[in-house]
There are 2 protein chains.
Amino acid sequence: MNIAEVSTRSRLPAKTIRYYEEIGLVKPLRAANGYRAFRDSDLHKLAFLSRARALGFSIEDCRTLVQLYEDPARSSAEVKAVAEAHLEEIAHKIADLQEMRATLSTLVTACAGDHRPGCPILESLAHRDREG
Amino acid sequence: MNIAEVSTRSRLPAKTIRYYEEIGLVKPLRAANGYRAFRDSDLHKLAFLSRARALGFSIEDCRTLVQLYEDPARSSAEVKAVAEAHLEEIAHKIADLQEMRATLSTLVTACAGDHRPGCPILESLAHRDREG
DNA sequence: CCTTGACCTTCCCGTAACTGGAAGCCCTAT
DNA sequence: ATAGGGCTTCCAGTTACGGGAAGGTCAAGG
């Protein structure tokens, strides 16, 4: 398989696949003309990576997950630990964003949004409480 | 004021303040010895930036917000537009993260987390549906 | 046989918003 | 004189790629 086919089937841009090779996530063979020659196993791994990335795992997490996937002596506890850590990160990000949203939406609601200069949003950014 | 004082009072790392100068967000004076000499207005602007960044606004948004803040002829509608666009982005991110969390937490729950290799998380990443 | 166009290759720069660290000047206190 | 802390600039690295240039390859059409 050439890169274009693998790209459509793994739903990863060709650029991304080349990058993954560069950082050692996949090691496709090479044809005589220099083209990358992907095996089914390469495609499979790339699809795995694509799904893991879609769940927000970092590249390093993905590397770990692939290693675990390929290790028949793994324990599910190792996998679960990675997933749980990531889950916590996600929860943290959600909480942060929700707080931003709460503050911002209050301000947006309070802003008239007309032609006049007075604006609670700017006032809040400028004024808020004591500074240091 | 030297940079250390401004740093503590604006709650921005000195490195960040230097960076903000580099990209033209603040323009502190210089003392004879080459040290940055911050005025109250610089501190005020940096505190403004600090709060805007804490609400998740991009640097470019911050630049716009500062300009609006300093423009007495602004309309609150302009400010509101920036904030609303950002609010939508935040909502989008939250939605994405919540979807990830839902999928991941289902998988984590289903995973035994013991010494055995069988793991629904890896199976899901490896197997899911047809691939292209 | 030649050309055209779609692939493929490598290489290098740019992104966002900093952070870390090195090399070196400045200032105060001992 | 020296030690320390604070200040300066500059360079490199971070994450996970994307854009685009320069150039080799391959299949089809004339």
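These numbers come from the heavy atoms of this one structure, side chains and all, not from hydrogens, waters or symmetry mates. The sequence lines fix the lettering, A, B, ..., with proteins before strands; numbering per chain opens at 1.
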Might you work through the side-chain contact (heavy atoms from CB on, under 4.5 Å) test for L49(A) and L25(A), ending with a clear yes or no? CA-CA 9 Å; L49(A) 290 166; L25(A) 279 179; 4.1 Å; yes
What is the 5' to 3' range of DNA chain D, first to last nucleotide, that sits under 4.0 Å from any heavy atom of chain A? dA16(D) to dC26(D)
If a pair satisfies ring pair (Phe, Tyr, Trp, His ring centres under 6.0 Å) and one of its residues is in residues 79-105 of chain A, list it, with sequence neighbours excluded. F57(A)-H86(A)
Is there side-chain contact between I59(B) and R53(B), with heavy atoms separated by less than 4.5 Å? yes
Got a salt bridge between E22(B) and R18(B), using NZ or NE/NH1/NH2 to carboxylate O under 4.0 Å? no
Please tell me if the side chains of D42(A) and V6(A) come closer than 4.5 Å, counting only heavy atoms from C-beta onward. no
Helical bend (five base pairs per end, nearest 10°) for the helix from dC1(C)-dG30(D) to dT30(C)-dA1(D): 30°
Pairs meeting criterion ring pair (Phe, Tyr, Trp, His ring centres under 6.0 Å) with involvement of residues 16-39 of chain A, two or more places apart: none
In this structure, how many angstroms lie between the C1' atom of dG24(C) and the CG atom of N33(B), rounded? 14 Å
Test item: L104(A) and E84(B) side chains (from C-beta on) under 4.5 Å apart, heavy atoms: no
Between the protein and nucleotides 4-7 of chain C, which nitrogen or oxygen pairs are less than 3.5 angstrom apart?
residue	atom	partner	partner atom	Å
dC7(C)	O2	Y35(A)	OH	3.3

Output a table of donor-acceptor pairs, distance under 3.5 Å, between side-chain atoms of residues 116-125 of chain A and any protein atom two or more places apart or on a different chain; print 'none' if there are none.
residue	atom	partner	partner atom	Å
R116(A)	NE	D114(A)	OD2	2.8
R116(A)	NH2	D114(A)	OD2	2.6

Which residue pairs satisfy the salt bridge (Lys or Arg N to Asp or Glu O under 4.0 Å) criterion with at least one member in residues 99-108 of chain B, sequence neighbours excluded? none
If you measure from the Lys or Arg side-chain nitrogens to the Asp or Glu carboxylate oxygens, is any gap between R36(B) and E21(B) under 4.0 Å? yes
Heavy-atom side-chain proximity of D40(B) to M1(B) below 4.5 angstrom: yes
Mind checking what makes side chain to side chain donor-acceptor pair (under 3.5 Å) contact with E78(B), not counting sequence neighbours? S75(B)
Which nucleotides of nucleotides 15-21 of chain C have their base under 4.0 Å from a protein heavy atom (B), which only their sugar-phosphate (S), and which neither (-), written as one string 5' to 3'? --BBSBB
S41(B) meets the side-chain contact (heavy atoms from CB on, under 4.5 Å) criterion, sequence neighbours left out, with R39(B)
By side-chain contact (heavy atoms from CB on, under 4.5 Å), which residues pair with E70(A), not counting sequence neighbours? K45(A), V66(A)
Close approaches to DNA chain D from residues 92-100 of chain B, in residue order (heavy atom, under 4.0 Å): none
Any idea which heavy atoms bring C62(A) and A52(A) closest together, and the distance? SG-CB, 3.7 Å
